[in-house]
Amino acid sequence: MNKKRLGIVALLLMVAMVVAGCGQTKQTTKGIQVVSSLDFYGEAAKAVLGKHGQVTSIINSPSLDPHSYEPTTQDAKKVAQADVVIENGLGYDQWLSKVAASSDSDQQTMITVNKLMKRTDGDNEHLWYDLETMPTLTKQLITRFSKIDPAHKADFQKNGQAYLKKLAGLKTQLAGLKAQAKGQKVAVSEPVFDYALKEMGYQVANQHFAKAIEDGTDPSPQDIDAMRQLIKKHQIAFLVVNKQEESRTIKEMHQLATKEKVPVVQVTETLPAKQTYLTWMQQQFDAVGKAQNVK
């Protein structure tokens, strides 16, 4: 998706400030209140909380663009009343940090995933494709929830460990793919899936082209020609396409790969409807496995 740095509408910032400034108390709903920008981070929070709180994920549909999302008045109120707010960081969901800052709550905990993962500005923002991210976040949530509600610390520990065990299955699946990768080159439509590809042992051969697509600019004629040659000469193991953002140039590359019988692995940037983080990753890793088996 095109990376946009849109500011928050002034009215929404005022709403958030009013909610906090009026002395309005947090929701009386029993348990810890959590707001997450992205639904898969919210999934981890729900897994750890169990019945001891409530999680609201603002980006909860594949039709919503996290880059350009403009929070509603209701979103601002939810954030102001939250005990814990989870954001991705690296500018991906900057609107959430701005609304959270305006809530001015001394008791609110802000968890910024890129800081947990020690990633800084300029690093790839698609942190959830690094398989260390969700376990790291889950462990952090166990700690934070236990401090907020120590009476249920044992439950948070039990719930968190159960979720971590499920996540471990993805590492096993990826290890099997890595054994077949053999350091081969791949091409990508944009750097959405790059963390996973790196962990598998693949090398991205068209980084300059992919960065242009991510930034919303046209790749240079030289980059386009170079990518065509990668496909025509079968110099890549497969092509990775973010199917949520297939521009005319990407569609052309997709069609060329199909014509040349170069496998195409389709991924998405946001969680598909009716899927969990686990099933989402598993299906995309399965697609890589199928590409590896194409002769």
Side-chain angles (χ1 to χ4, degrees), residues 1 38-44 47 57 59-67 88 92 113 117 123-138 163-207 209-210 213-214 231 236-247 250-251 253-254 257-258 262-294:
M1 293 185 181
L38 305 173
D39 44 12
F40 39 86
Y41 293 154
E43 176 186 315
S57 295
I59 302 298
N60 56 13
S61 166
S63 64
L64 297 176
D65 184 344
H67 296 289
N88 185 74
Y92 190 78
V113 176
M117 299 306 296
D123 287 337
N124 190 318
E125 62 191 357
H126 307 99
L127 298 170
W128 51 96
Y129 276 114
D130 179 343
L131 291 193
E132 296 299 330
T133 296
M134 290 292 275
T136 300
L137 173 61
T138 300
Y163 189 62
L164 287 169
K165 186 175 181 179
K166 292 179 180 179
L167 291 173
L170 293 176
K171 294 287 287 185
T172 301
Q173 186 179 10
L174 186 143
L177 296 171
K178 184 174 182 178
Q180 301 297 321
K182 301 174 183 177
Q184 292 174 295
K185 293 181 179 180
V186 297
V188 301
S189 63
E190 56 182 302
V192 169
F193 198 56
D194 283 16
Y195 282 122
L197 290 171
K198 183 178 179 180
E199 286 190 61
M200 291 173 194
Y202 287 107
Q203 301 178 49
V204 176
N206 67 324
Q207 291 182 350
F209 176 101
I213 294 294
E214 183 185 37
I231 295 171
I236 53 174
F238 51 82
L239 169 66
V240 180
V241 172
N242 173 14
K243 64 181 181 181
Q244 289 177 306
E245 289 290 330
E246 285 205 65
S247 64
I250 297 305
K251 285 181 180 178
M253 296 301 172
H254 192 161
T258 301
V262 172
V264 177
V265 174
Q266 295 190 71
V267 300
T268 61
E269 182 167 350
T270 55
L271 182 69
K274 299 180 181 180
Q275 287 203 35
T276 66
Y277 175 79
L278 291 163
T279 60
W280 180 32
M281 292 296 117
Q282 286 167 349
Q283 288 185 12
Q284 292 175 128
F285 290 175
D286 283 343
V288 172
K290 290 179 180 177
Q292 288 179 337
N293 291 325
V294 173

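From a predicted model like this one, the values you see are computed outputs, not experimental measurements.
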Would you give the length of the straight line joining atom [atom1] of [X] to atom [atom2] of [Y], rounded to the nearest 0.5 angstrom?
{"X": "Leu278", "Y": "Met134", "atom1": "CG", "atom2": "CE", "answer": "7.5 Å"}
{"X": "Glu246", "Y": "Ser189", "atom1": "CD", "atom2": "OG", "answer": "7.0 Å"}
{"X": "Gln266", "Y": "Asn242", "atom1": "CD", "atom2": "CG", "answer": "9.5 Å"}
{"X": "Ile213", "Y": "Asn206", "atom1": "CD1", "atom2": "CG", "answer": "9.5 Å"}
{"X": "Met253", "Y": "Leu239", "atom1": "CE", "atom2": "CG", "answer": "9.0 Å"}
{"X": "Asn60", "Y": "Leu271", "atom1": "CG", "atom2": "CG", "answer": "10.0 Å"}

Looking only at heavy atoms, what is the nearest atom pair of [X] and [Y], with distance?
{"X": "Pro263", "Y": "Ala237", "answer": "CD-O, 3.5 Å"}
{"X": "Thr268", "Y": "Gln284", "answer": "N-OE1, 3.0 Å"}
{"X": "Ala291", "Y": "Phe238", "answer": "CB-CD2, 3.9 Å"}
{"X": "Tyr92", "Y": "Glu269", "answer": "OH-OE2, 2.8 Å"}
{"X": "Val186", "Y": "Ile236", "answer": "C-CG2, 3.8 Å"}
{"X": "Ala181", "Y": "Gln292", "answer": "N-NE2, 3.9 Å"}

Please check if the side chain of [X] supplies one atom and the backbone of [Y] the other of a donor-acceptor pair under 3.5 Å.
{"X": "Thr138", "Y": "Leu164", "result": "no"}
{"X": "Thr276", "Y": "Thr279", "result": "yes"}
{"X": "His126", "Y": "Pro191", "result": "yes"}

- Message: Strictly by ring-ring contact (aromatic ring centres under 6.0 Å, His included), give each pair with a member in residues 166-198 just once, sequence neighbours left out.
- Response: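 Qualifying pairs: Tyr129-Phe193.
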
Only pairs under 3.5 Å count here: list side-chain donor-acceptor contacts from residues 167-175, not counting sequence neighbours, and write none if there are none.
from: Lys171; atom 1: NZ; to: Glu132; atom 2: OE2; distance (Å): 2.9
from: Thr172; atom 1: OG1; to: Ala168; atom 2: O; distance (Å): 3.4
from: Gln173; atom 1: NE2; to: Gln282; atom 2: O; distance (Å): 3.3
from: Gln173; atom 1: NE2; to: Asp286; atom 2: OD1; distance (Å): 2.9

- Message: Counting the benzene-type ring for Trp, do Phe40 and Trp280 have ring centres under 6.0 Å apart?
- Response: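 Distance test on ring centres: under 6.0 Å, yes.
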
Report yes if some heavy atom in the side chain of [X] is under 4.5 Å from a heavy atom in the side chain of [Y]; otherwise report no.
{"X": "Phe209", "Y": "Val204", "value": "no"}
{"X": "Tyr41", "Y": "Thr133", "value": "yes"}
{"X": "His254", "Y": "Lys243", "value": "no"}
{"X": "Gln244", "Y": "Pro62", "value": "yes"}
{"X": "Thr270", "Y": "Leu64", "value": "no"}

- Query: Sequence neighbours excluded, which residues qualify as salt bridge (charged side-chain N to carboxylate O under 4.0 Å, His left out) partners of Asp130?
  - Reply: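 Counting only residues at least two positions away or on another chain, Asp130 forms a salt bridge (charged side-chain N to carboxylate O under 4.0 Å, His left out) with Arg119.
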
- Message: Apply side-chain contact (heavy atoms from CB on, under 4.5 Å) to residues Leu38 and Trp128 and explain how you reach the verdict.
- Response: CA-CA 10 Å; Leu38 305 173; Trp128 51 96; 4.1 Å; yes

- Query: Can you check side-chain contact (heavy atoms from CB on, under 4.5 Å) on Gln283 and Gln275, steps first, answer last?
  - Reply: CA-CA 10 Å; Gln283 288 185 12; Gln275 287 203 35; 3.1 Å; yes

